[in-house]
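See structure below.
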Amino acid sequence: MNFFVKKVATATAILLSSTIISHAAQTDITIGMQLEPPNLDPTGGAAGAIDQVVYANIFEGLTRYQADGSIAPALAKSWNISDDGLSYTFHLHEGVKFHDGSSMDAEDVKFSLDRARAEDSTNAQKALFAGIASVDVIDATTVKITLSSPNGGFITNMAWGDAVIVAPESIGNAATNPIGTGPFVFSNWVQGDRIEISRNDNYWGNPVALDSATFKFISDPTAAFAAMMAGDLDAFPGYPAPETLPQFAADPRFTVIGGNTEGETILSTNNKDEHFSKLKVRKALAHAINRQEIIDGAMFGYGKPIGTHFAPHHPDYIDLTGNSNYDPELSKKLLSEAGYPNGFETTLKLPPPSYARRGGEIIAAQLRAVGIKAEISNLEWADWLKQVFKGKDYGLTIVSHTEPMDIGIYARPTYYFQYDNPDFQQLMTDLTAESDPSSRSAMLKKAQRIISEDYVNGYLFQLARTSVINSKIKGMWENSPTQATDLTGVSWTD
Amino acid sequence: MTHFPRTLIFGGILFSIFLLGALISFVWTPADVEILQITARFKLPSTAHWFGTDHFGRDIFSMIMVGARTSIAVAVVAVGIGIALGVPLGLWAAANHGHWLDDFIMRGNDLVFAFPSLIIAILITAVFGPSAFNAIIAIGIFNIPVFARISRGGALSIWTLDYILSARVAGKRAFRISAEHILPNIANLLIVQGTIQFSLGILAEAALSYVGLGVQPPTPSWGRMLADSQTMISIAPHLALFPGFAIILTVLGLNLMGDGLRDILDPRIRRTQR
Amino acid sequence: MKLLEVQDLSVSIHGTEILDNVSFNINESEIYGIVGESGSGKSMTALSLMGLLPNGSKSTGSASLSNTNLLKLSEEKMCSYRGNAIGMIFQEPMTALNPVQTIGKQVAETLIIHGQAKKKEALEIAREKLNRVGLFEEQFPLDKYPHELSGGQRQRVAIAMAIAMRPKLLIADEPTTALDVTTQSQILNLLKSLVEEESMALILITHDLAVISGLANKVAVMQKGKIVEKGKTNKIFKEMKHPYTKQLFSASNHVPERNTMAEETPLLELNHVIRKYKLPRENIFKAPQTFTAVNNVSFILKKGENLGLVGESGCGKSTLTRAILGLDELQSGEIFLEGHHVNAGKKLDSSLRRKMQVVFQDPFGSFNPRHKVGRLISEPFYLIEDRPTGDLLKNAINQALVDVGLNAEDAEKYIHEFSGGQRQRIAIARALIIKPSLIVLDEAVSALDVSIRAQVLDLLAELSNKFELSYLFISHDLSVVRNITDRVMVMKAGSIVESGDTQKVFENPTHPYTKELIAATPRLPENLTT
Amino acid sequence: MLQFALTRFISLSLSLIAASVVIFAVIEIIPGDPASFMLGINAQPDTIAALREQLGLNGSLLSRYVNWVSGMLVGDFGISYTYKVPVSELILARVWISLPLAVYALAISTLIAFPVGLIAAAKRGKTIDITIMGTTQLGIAIPNFWFAMILVLIFAINLRWFSAGGFPGWEEGFLLSIKSLTLPAIALALPQASILARIMRSSILDTLDQDYVRTARAKGLSQRQAIWRHALKNALIPVLTIIGMQFSFLMAGAIIIENVFFLPGLGRLIFQGITQRDLIVVESVVMLLVFAVIIVTFIVDLTYAAVDPRLRKR
């Protein structure tokens, strides 16, 4: 070990000295990504990897997420909302051009939105556009969108990667040759290896500092570690091997950022399961879980405990972890009361990410301690989608819900955890119609309480977004309010 | 038979160590491998934990003992499948030598050989889900043609011998001849090949578990121990080294045993060594 | 002029004594025969002269070739002697040539290795040498591969390789044992003429006294690593001072005593039997060709008769045997055993099945090494309805073993504990155990050394007298057939070309092929046989 | 020779047809829908249905099989569900990594195995033979992914002589590309070299026991000359088989190594295809690999015929 540390130190010293000499101001960056996007059309698939490459870099929407999670104007420089909350009039920037030189105007906005909500649309987040009644072009830079019912989150919806503005001429080829309005243009994709983008010199907004950027796909955590250590990569947002973070933290070459994501990592529970349909059992489950041990064991300390399905960095978040404190004795007692003095057997189906696989092993051990035998089966995503998500053939699973503000899923009785509570459903309907901030806040808090006290799922922790970046890079997003690698503010310090 | 080759003795000892460890693990291990102790993770080898502890604070020595059980069990059953299906196929093909059945069986064998085994194993587990059972099937399938081929080859050379003719003169049918005369005489070949396939089975199990397709947690397996620990190799190398050594030594032991067995059992080799 | 002087040559391999003080001298242009049974050390003598003893061998004494002690030469020096001063040919022509090299190259290699000629010239000389051994350009161009030649032709190539450098000494280790008689005589004639014309000496190693008698000037008789007698061939064969020499001689031409008791009832009857094989397709578009191995064969074997069937390898006699035993289906014709149809593929009536048994050639391949003798010899009881069990079976096994001159206790042993002769006795016991009327003897004594062979032949004669057995005696060895059968059939290319009383056929062959066969068979001088 | 080739060719075609049926059948029963995978957990059923239609997943089994096979015959492997580009393009891009990697690994293993095997055979029973045999046993026993991990630890992370993985692309320069394939090739080659060396040794020893080698020795060839001029060519026949088998193994079996070194090769394409249920990619690549194996076997067979005249006339 000492030998190793020394080696690294020497190597680092050598590297530092040579870097100072050779690099006056680096303008290119290589970024590691765990998953390769299947294609580059953000409006045609759910893969978060697509947005991680193209969001804000290549494609832009009417509005956009900022690093802190707030919504800012993007292609729309401003908007008015009618008093009844039904019609939104967006005023677009002038002179915006797509990368192919054609100009972006209101027709493109109408096209994009109509396309996304059309019958045969393959947009993965079609729900975002469900409330749109019509899209009308007022003039080249003005678009009016009419909703069928008020929607307090509409501006946020328009910031999603699935709602970016595309051109009818180029969208057909967006899968392999994305043409957007963003500050970077797509230049090359070596499938299976990397995607390269370069600066858009005709960008309508503030020019970016970087000349070019390369996204390199490294799915294997070990390989990711090796590639960072070997200097092959400059940054790895969402770094997949938290166990090695202490090593990077100790290394002056690197900075480790522990940011937030919108990912509530939960022990999803099948509420229609013969055992878990009983509230006492679910409560017992919640008290059997030692969150801190999971965070330490699976995430090596990165991640905030949560007691409900809500992001802790959100202003409306309330800490409800007390509802489900670690208390195995109480858990056993509850189980006996529910009629399971000797526990029972169930399944724990785990998707591929390490939070699920490692967390699953720990949870299985914790559940064993109170008498619940959870048989682990590790599934690929496709299989997980089929068995768990669609088939609802499971007892327990672990998954991180990374969509922002997604507490609404608890209002869908057919959603995979099958929570059916009419009160909650009514609350969500009311919430959608409400646009007063303080009422909304109160409603959101109430919603958090309901699901926490119903022990719908085991609430584990908010997925941390740990990124390892070269110490000389600044401007990377710390948090991940949406899945994106926004390079617009990134630059090298010397 | 009194003189055992050194390779056999050395290999036998190596393998017996792991076999013994696997057997003992049924009744006793230094620590319970299903109990996690996160606070005690990454402990270096000490008297309390001979091989240290892993990222969940489990005792690596105990895990290697139980992992041996998994590896050996998977390999044994996979070889068993190969023998149980491959040998009859091979004998059947040999008994029908010259007939289209023989050709058909052997071409089928070639076809299985043509498939990239690891990929098929991955496909199988994609179809049926990852589990020890499916890992066994995936490894077992590729053992079938191996044993079919070797028993056919051995059987063909015995079919030409006169005692087979004598048996046929006595009215014995191919099935009986295969069971009574051929099988006992190709047993040598099968034992030697079985040892080799056994070691390959252990490697294959490790590879499958390594990509997450073998036995499921919490049951320890050497391949998954490697997979789990590989990102930590620079902070806690012992996590990857011990299971790695376990695989290497078991396979080495089996291969040496195979070599030694071949020396004393395979008449062909015996002749050439004279 | 002395060419080779071997003095007190002893060889041991891993401590086991193989040769014990072997001494003999060979003059130039002389044919020196070394004769002995298997394990007598005759091949080891040759290999020690060539310096090609197996690993772990130690040799003492001396072997001087033109006053150079071969045993003391360094390996490097020895290489320059091998193929140059001493050539050697081996028994097995089928495997003695490199399958992936043309015959021209292989012959030329001898010349190139010894620096005699460069490649082109070496090939020219190779051509001459091949012509010299009777393989002429038109049929045997230099670019032929060994697999395109017959056994005899390959042996000629081997000879051409061995004599390419005109060695002073040629060693031929059983050069004709694997060949048919007609080929054997051609090769022996070739060797003889080479010795005369190239003025080289030849050591001819063989188990066959008859081969030696016609060829060698001098002979050494070896037994268990020792030379028991040596000297001029005529003298040795005439005097036979050593009892072993005498024993060899009498065994070589042994005529077992037996009664002829053929009845008129036919036991086995073949009517126009035809057996065809499909050959492997030459290519997938051609229909596979058929090969007629047995072509319209008819004969009758009478009860109590010993019938011989002779022919060279590939003549179809083994195929015929299998057809008679009901192992293969016929394409046409019929076989009757005691008037019952023998129909391959159909179950043979058990009363019929027990009437016919077989003894094969190979004493090593005839038994399952995993079974005890008792189980081995009781195998014919399988499928017999009234098969004995328990003590009855035990008695039957014991009786069969005693009948063939073995002990009842042998039933508990495994086959590897027996010698070749004993194994053949066990094979006979296996045939005998169900008291058949006919035993098919397929080359049953061909693999045995002469003295053992004589004993087995005696046993066969005795058993046939005792149990009124009929034999169908199939062999390539004319002398054996001559001594044990009443009637003989000569088979060539699937057909029986001549048949008749053994004595008559051998004395007055009518068919040219029979004549050729008999003429080619080396014989011991009549006056020497006792 | 031509007939021999023709016969082998027809049996090869039959094998390919059989293989295509097997592959198609296996792929068909893999659970999981590519459309729902692509659209993720918030997708609505009608969206998925629309995508299924668009991907052509709704045809009958037979018609899809026929489409697939007939497409392949003209080089059209279909369009990747996830990448939305022709599968042939994907394969073409990946082959230029997998193939050089396989060739490189094979070259390394052959270059090591031949001399090592020869030396061991020539010095049978001597210390050097025993050492070599022991070392090769060890080489066979080491799992290549473990070895790859150790190589990365030492050469990429500690010494930083090589990058930890990835592939710059041939257009970035031959040497750079070869360098990036070096560690993976070594990791792949080590066990192969061990196996090959052992086969080489035993094959030579087998041929040394043949009668024709004794004949050659009787002609006056030294042990070394006999090995070189007679044993070697004959010994090469089984060695060739193994090389052929290894090549196909290296083409397909490098999945794990490609993952460790994040090389965008065929193995990783399949692995990714399976996890993303991009089944059209999976079935085409597996078919291609089987095809490669069968072709290599075919070539090995023809090489046999070239080496061994006995086969030529058949």
Side-chain angles (χ1 to χ4, degrees), chain B residues 6-7 10-11 103 107-108 110-120 122-129 196 199-200 202-204 206-207 210-211 222-223 226-227 229-231 233-234 237 240-241 243-245 247-256 258-259 262 268-269 271-274, chain D residues 11 14-16 18-19 22-23 26-27 29-32 125 130 133-134 136-138 140-147 149-150 152-153 157-158 191 198 202 205-206 208-209 245 248-249 251-256 259-260 267 270-271 274-275 277 282 285-286 289-294 296-297:
Chain B
R6 259 179 301 179
T7 45
F10 184 62
D103 268 351
R107 289 291 84 75
D110 291 349
L111 195 62
V112 177
F113 271 126
F115 278 89
S117 51
L118 188 59
I119 290 170
I120 297 303
I122 292 171
L123 277 179
I124 287 174
T125 41
V127 175
F128 301 105
I196 292 165
S199 79
L200 290 178
I202 287 189
L203 276 179
Y210 177 80
V211 292
W222 294 344
L226 281 184
S229 63
Q230 60 169 322
T231 51
I233 191 163
S234 56
L241 290 181
F245 289 150
I247 295 171
I248 293 170
L249 292 178
T250 312
V251 173
L252 184 64
L254 281 167
N255 282 342
L256 289 175
D259 263 15
R262 193 197 307 268
R268 204 170 57 93
I269 303 292
R271 193 199 59 215
T272 58
Q273 284 197 335
R274 235 178 237 167
Chain D
S11 93
L14 289 175
S15 305
L16 283 178
V22 173
I23 292 169
V26 171
I27 299 282
I29 53 174
I30 289 187
I130 294 166
M133 286 300 99
T136 54
Q137 283 287 23
L138 201 63
I140 294 172
I142 295 178
N144 60 13
F145 53 88
W146 188 81
F147 186 55
M149 275 161 64
I150 303 292
V152 171
L153 179 71
I157 298 177
N158 271 349
R198 296 181 71 84
S202 68
L205 290 183
D206 275 354
L208 279 182
D209 282 331
M245 280 168 61
S248 43
F249 167 81
M251 279 293 284
I255 294 190
I256 297 182
N259 255 323
V260 174
I270 293 190
F271 203 70
I274 292 173
T275 55
R277 294 298 183 268
V282 179
V285 179
V286 173
L289 290 173
V290 172
F291 179 74
V293 174
I294 292 178
V296 167
T297 319

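Chain A is the first sequence line, chain B the second, and so forth, proteins listed ahead of strands; every chain is numbered from 1.
Across D:Ala141 and B:Leu203, no two heavy atoms sit closer than the pair O-CD2, 3.7 Å. Heavy atoms only, all atoms of each residue included: B:Ile248 and D:Pro143 are closest at CG1-CD, 3.8 Å. For D:Ser15 against B:Leu111, the heavy-atom pair with the smallest separation is O-CD1, 3.4 Å.
With a 4.5 angstrom heavy-atom cutoff, D:Val260 touches chain B only via side-chain atoms. The contact between B:Leu256 and chain D is made by backbone and side chain atoms together, counting heavy-atom distances below 4.5 Å. Heavy atoms closer than 4.5 Å to chain D are found in the side chain of B:Asp259, but not in its backbone. Residue D:Ile270 touches chain B through its side chain alone, counting heavy-atom pairs closer than 4.5 Å. With a 4.5 angstrom heavy-atom cutoff, D:Val282 touches chain B only via side-chain atoms. Using a 4.5 Å cut-off between heavy atoms, D:Val22 touches chain B through its side chain atoms alone. D:Phe291 does not touch chain B: none of its heavy atoms, backbone or side chain, sits under 4.5 Å away. When heavy atoms are compared at a cutoff of 4.5 Å, B:Ala240 approaches chain D by way of both its backbone and its side chain.
Looking only at side-chain heavy atoms (C-beta outward), B:Asp110 and D:Ile294 stay at 4.5 Å or farther from each other. Between D:Arg198 and B:Asn255 the shortest side-chain heavy-atom distance does not fall below 4.5 Å.
Separation of atoms CD (D:Gln137) and OG (B:Ser199) is listed at 8.5 Å; rounding is to 0.5 Å. To the nearest 0.5 Å, atom CH2 of residue D:Trp146 and atom CD1 of residue B:Ile247 are 9.0 Å apart.
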